[in-house]
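Here the structure comes first, spelled out in structure tokens, and everything after it is commentary.
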Amino acid sequence: MLTVIFSVIALFTFPFSARIRYRTITLWNRIVVWLAAVICGIRYRVIGLENLPGTPAVVMAKHQSAWETIALPVLLPPMAIVIKRELLWVPFFGWGMAMLSPIAINRAEGRAALKQIVEQGRVRLAEGFGVMIFPEGTRMAPGEIGRYGIGGSWLASHVNALVVPVAHNAGEFWPKNSFLKRPGLITLSIGPVIDATGMKPDALNEQVKTWIEAEMQQLQGYA
């Protein structure tokens with residue numbers, strides 16, 4: 001019901017600026033994060049906030065659960081999220097997502113999708129929004145490492161953006177494809193900024209992956 005209500009509210013935000021739409025629609029995110037704490041006992045802590053730059057950046061985050069897709073837009077500065085295009089077709093949820101001006105791509109298009117990420121990502125960054133991408137593309141169970149797609153690094157290296165790697169252990173408490181949740185403390189770790197200026201996408205991608213996966217090893221002790 002909450003999603004239905006906010007999807008309707010999202011449609012009415014269309015005439016307003018992108019920032020007003022973002023603040024209004026992400027109230028849903030704040031409520032869900034709060035409900036997860038109150039009902040399910042899923043709390044969180046954030047470390048590394050001092051690493052966030054003062055300018056819009058490309059955020060590349062570990063993907064384990066639904067929690068980070070809901071929480072990151074309100075725990076970090078405003079961002080446009082790179083998503084698969086099919087998510088916009090989901091009733092109600094997709095309506096609200098569309099009003100947040102995401103970068104919706106068809107991953108099967110390969111080079112065309114990379115071009116779209118750069119073109120639209122450049123615009124979002126210029127508008128003062130960060131760009132968030134989950135390089136593994138799909139949720140990975142705790143302990144698993146997916147293939148890191150090149151999209152985020154491709155964007156950052158082509159527009160000389162700052163990159164913020166993010167790790168977390170949300171999958172320990174909000175498992176993928178599971179209705180049951182486990183109470184506990186999620187640790188969200190924000191890594192040191194990487195300046196993509198002059199870097200090749202492959203090298204940048206490997207540096208991001210190395211930091212995230214090393215940090216994931218450290219976070220296992222908090223689950």
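Just so it is clear, the structure is predicted and the values come from calculations on it, not from any experiment. The analysis underlying the following values was restricted to heavy atoms, covering all of them including side chains, and did not include hydrogens, waters or symmetry mates.
With respect to I190, the side chain to side chain contact (heavy atoms under 4.5 Å, CB included) criterion is satisfied by exactly one of L75, V59, V164: V164. Partner of V32 under the side chain to side chain contact (heavy atoms under 4.5 Å, CB included) criterion, out of L27, I70, V74: I70 alone.
Between L185 and F173, every side-chain heavy-atom pair lies at or beyond the 4.5 Å cut-off. Side-chain contact between E144 and E136 is absent, with no heavy-atom pair separated by less than 4.5 Å. With a 4.5 Å cut-off on side-chain heavy atoms, T69 and H63 count as touching.
Residue W89 places its CH2 atom among more than 12 non-hydrogen atoms of other residues, nucleotides or ligands, all under 6.0 Å distant.
To the nearest 0.5 Å, the span separating CG on L100 from CD1 on I83 amounts to 9.0 Å. Taking CD1 of I42 as the reference point, atom CH2 of W174 lies at 6.0 Å (rounded to 0.5 Å). The distance from the CZ atom of R45 to the CD1 atom of I186 is 12.0 Å, given to the nearest 0.5 Å. From I150, atom CD1 reaches atom OG of S157 across 7.5 Å, with rounding to the nearest 0.5 Å.
Ring geometry, W28 versus F93: the interplanar angle exceeds 60°, so the pair is classed perpendicular (tilted spans 30 to 60°).
Tracing side-chain contacts under 4.5 Å through hydrophobic residues (I, L, V, M, F, W, Y), one never reaches F16 starting from F129; they form parts of separate clusters. F134 and V90 fall within the same hydrophobic cluster, where Ile, Leu, Val, Met, Phe, Trp and Tyr residues are linked whenever their side-chain heavy atoms come under 4.5 Å apart, directly or through other members.
Side-chain N or O atoms of K176 include one that pairs as donor or acceptor with a backbone N or O of R139 at under 3.5 Å. Checking side-chain atoms of R107 against main-chain N and O of A113 turns up no donor-acceptor pair under 3.5 Å. Listed for the Y22 side chain is a donor-acceptor partner under 3.5 Å among the backbone atoms of M79. Under the 3.5 Å distance criterion, the side-chain polar atoms of Y44 are left unmatched by any main-chain donor or acceptor of A170. The backbone N or O of G128 sits less than 3.5 Å from a side-chain atom of R19, completing a donor-acceptor pair. No donor-acceptor pair closer than 3.5 Å links the side chain of R124 to the backbone N or O of V131. Judged purely by atom type and a 3.5 angstrom limit, E68 uses its side chain to pair as donor or acceptor with the backbone of Q64. For H168 (side chain) and K62 (main-chain N/O), a donor-acceptor pair under 3.5 Å exists by modelled atom type. A donor-acceptor contact shorter than 3.5 Å is absent between the side chain of Q120 and the backbone of I103.
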